[in-house]
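The structure appears right after this line, and notes come after that.
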Amino acid sequence: MVGERGLVEKKVYIETYGCQMNEHDSERMLRVLEGSFYLETKEPQEADLILINTCSVREKPEHKVYSALGRYKRVKEERGAIIGVAGCVAQQEGLRLLDRVPYLDMVIGTHAISILPDLLRKVESTGKRVCETGFDEKGTYLKTIFPTDSLPKVKSFVTIMQGCDHFCSYCVVPFVRGREKSRPSAEILDEIRHLAERGVKEVCLLGQNVNGYGRGLDQEIGFPELLSRINEIEGIERIRFTTSHPKDLSNALIKAFSDLSKLCEHIHLPFQSGSDRILERMHRGYSIVSYLERIERLRAFRPEMAVTADVIVGFPGEEEEDFNQTLNLIRKVQFDDLFSFKYSTRKGTAAAQLDDQVEEKIKQQRLVVLQEIQREITLRKNLAVEGRTEEVLVEGISKQSDQDMTGRTRTNKSVNFQGDLQLVGKVVPVRITKGFAHSLRGERLLNAS
Ligand code: 5AD
Ligand code: SF4
C-alpha cells in the first residue's frame, strides 16, 4: 500500500508475552518501526514483519516461542515475511535461536530496540540473518522514542530506568535486562510533556525498582523529586509507578503520596514471602516487620491507599510453617489484589543451585489456598467501596457492553458505568453501586460540582 507520504507502507504484527515492561517494549518497537513505514496489524497472515516479544521472568516461555514460530513459518513461506524474536528469550538464547530455527531472521536483545530499524534494513537489503544481544553500557537503548501516530491515548507507560542490580536469588531480570540504569530526568520530563500535549492524562513510570531512580547519574535528582517535577506538568492528571522494592521505600517517597496531588493512592510493593527465613534465602534485604512498618507508614499518610503485591509460593526450602506465615501476612495487610506465582527455576540464578526444591503438587496446592484467601479479601474490599463516589479517569468502551464506558479509580480499580465516548480522557465522579471480584459497577453523577 502507498501511504500519504508516497512511500510503500508495510505491516508489522507483534505478539507480546509477559509483563507491563514487555508491553511497553512492544509499543516502543511499534514506534521505531513507524519511522521505517511499518504500521501495526493485528493479523499475522497479512504481516510483512512478525515479531515475538518474549518474557521469561515468571514463566518458562521457550515452548511458547517455538510453537509461535511454527505457526508463523507459513506466513514466511507464503509472503516472505521477516520473522524476529525479541525480549528475554532473545537475550538469553541469542545465536542458539538462529541455529535452531532456520527461517528465523532476527534476534533482538533487550537493549536493541532503538536500533531495530537498522537491523531490519540489514535483513531487507542483504537477506542476512542478524543477532544483536550486546548490553549497551552507554544507555542509548533508553533514549526517548517519541510517538508519531496520531491516535490519542489516555494513559501511557514511560520507562524511567531499566535493568536491576538486586540479584534476588530466584530472578533472571539482572541477566536478561542488564544492570540498573536510569534515564536522565530531562529526557523523561520532555517525553511526558510531549505525551501530555498529545492528550495523555495518566503516566505510569516503569522500572524494575523505581525507588532506586537516579543512582549512577551525575546530575541527578532522586525519585521523589522526579515525581514532584512530573506533578507540575500541565495536562497530566494522574501519576502511577511500578515496581517499588520494599528495601528502598524511603520516607521521602512515602511523604510524596500526601504532598503530590496527582500521585494516585496505589502502591505495588512485592513482598514475595511472609517468612523471614525464606526472604533471606531470596536475598530480598528486608524483614517482615520492616515491610509491615512501611505499609503502616503509607497508610498513616494516605488511609485510603490501595496496596497490591507479588508473592511466590514454593521457593526452595519453603516449609508449611513458612507458607502459613505468608498467609498470615496476607490476612494482616489485606491487599487490594495480589499477583501470585509458583516458584520456577531460572538457569543461572542463585536459587537454581538450591537442592531442597518443593514438589510441584505442593506448590500447586499452596497457590490454590493462597488465591482463594486473596479472592475473598479482594471481593470484600470491592464491596466496601459500594455507596462511595470515586473519581474515574475514563479510558474507553467497556469490554462487557458497548453501552458502557470503562475507567479506573485513583486506587486503580476498574469501574464500568453507562456513558458515552465523549467522556474518554475525562475524570468524572462515579457513585459505586456494586463491587465484584475483579471490578466495580457505578453510576455517573451528573450534577456533581
Ligand atoms: N519464579 C516465580 N516467580 C518469579 N518472579 C520472578 N522470578 C520468579 C521465579 N523464578 C515473580 C516475582 C516478581 C514478579 C515480576 O515475578 O514475584 O515480583
Ligand atoms: Fe528481580 Fe529482585 Fe530485581 Fe525485582 S528486585 S527485578 S525480583 S532481581
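In listed order, ligands and their atoms are each counted from 1.
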**Message:** Pair F335, F271 - check ring-ring contact (aromatic ring centres under 6.0 Å, His included), show working.
**Reply:** CA-CA 11 Å; F335 293 96; F271 63 92; 5.2 Å; yes
Identity and distance of the protein heavy atom lying nearest [atom]:
{"atom": "atom 2 (C) of ligand 1", "value": "K342 O, 3.3 Å"}
{"atom": "atom 16 (O) of ligand 1", "value": "R58 CG, 2.9 Å"}
{"atom": "atom 14 (C) of ligand 1", "value": "D310 OD2, 3.4 Å"}
{"atom": "atom 8 (C) of ligand 1", "value": "V57 O, 3.5 Å"}
{"atom": "atom 4 (C) of ligand 1", "value": "I312 CD1, 3.7 Å"}
{"atom": "atom 9 (C) of ligand 1", "value": "S344 O, 3.6 Å"}

Between H283 and Y170, is the ring-ring contact (aromatic ring centres under 6.0 Å, His included) condition met? List the steps. CA-CA 9 Å; H283 304 162; Y170 51 83; 9.3 Å; no
- Message: Would R100 and Y66 count as a cation-pi pair here, with the cationic atom under 6.0 angstrom from the ring centre and within 45° of the axis?
- Response: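 Checked: cation-pi criterion met.
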Could you name the protein residues that come within less than 4.0 Å of ligand 2, counting only heavy atoms, and order them by chain and residue number?
->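 Protein residues near ligand 2 are C164, H166, F167, C168, Y170, C171, V173, P174, Q208, H245, R284.
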Practice problem: Between Y170 and ligand 1, find which residue part has any heavy-atom pair under 4.0 Å and reply side chain, backbone, both or neither. | Solution: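 Both backbone and side chain.
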What about Y343: any of its N or O atoms under 3.5 Å from an N or O on ligand 1?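 Between Y343 and ligand 1, no N or O pair is found under 3.5 Å apart.
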message: When you compare ligand 1 with Q272, is there at least one nitrogen or oxygen pair between them that comes in under 3.5 angstrom?
response: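 Min N/O separation from ligand 1 is below 3.5 Å for Q272.
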Q.
Listing request: all ring pair (Phe, Tyr, Trp, His ring centres under 6.0 Å) pairs with a residue in residues 302-325, at least two apart in sequence or in separate chains.
A.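 Every pair satisfying ring pair (Phe, Tyr, Trp, His ring centres under 6.0 Å) with a residue in residues 302-325: F315-Y343.
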Do the side-chain N and O atoms of [X] and [Y] include a donor-acceptor pair separated by under 3.5 angstrom?
{"X": "D337", "Y": "T308", "result": "no"}
{"X": "N53", "Y": "D25", "result": "no"}
{"X": "S275", "Y": "D322", "result": "yes"}

Return the SG to CD distance between C88 and Q91, rounded to the nearest 0.5 Å.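 Answer rounded to 0.5 Å: 8.5 Å.
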(Q) How long is the straight-line distance from CZ of R277 back to CE of M282, given to the nearest 0.5 Å? (A)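 Interatomic distance, M282 CE to R277 CZ, rounded to 0.5 Å: 11.0 Å.
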| Between Y103 and Y72, does the ring centroid distance fall short of 6.0 Å? |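 No: the rings miss the under 6.0 Å criterion.
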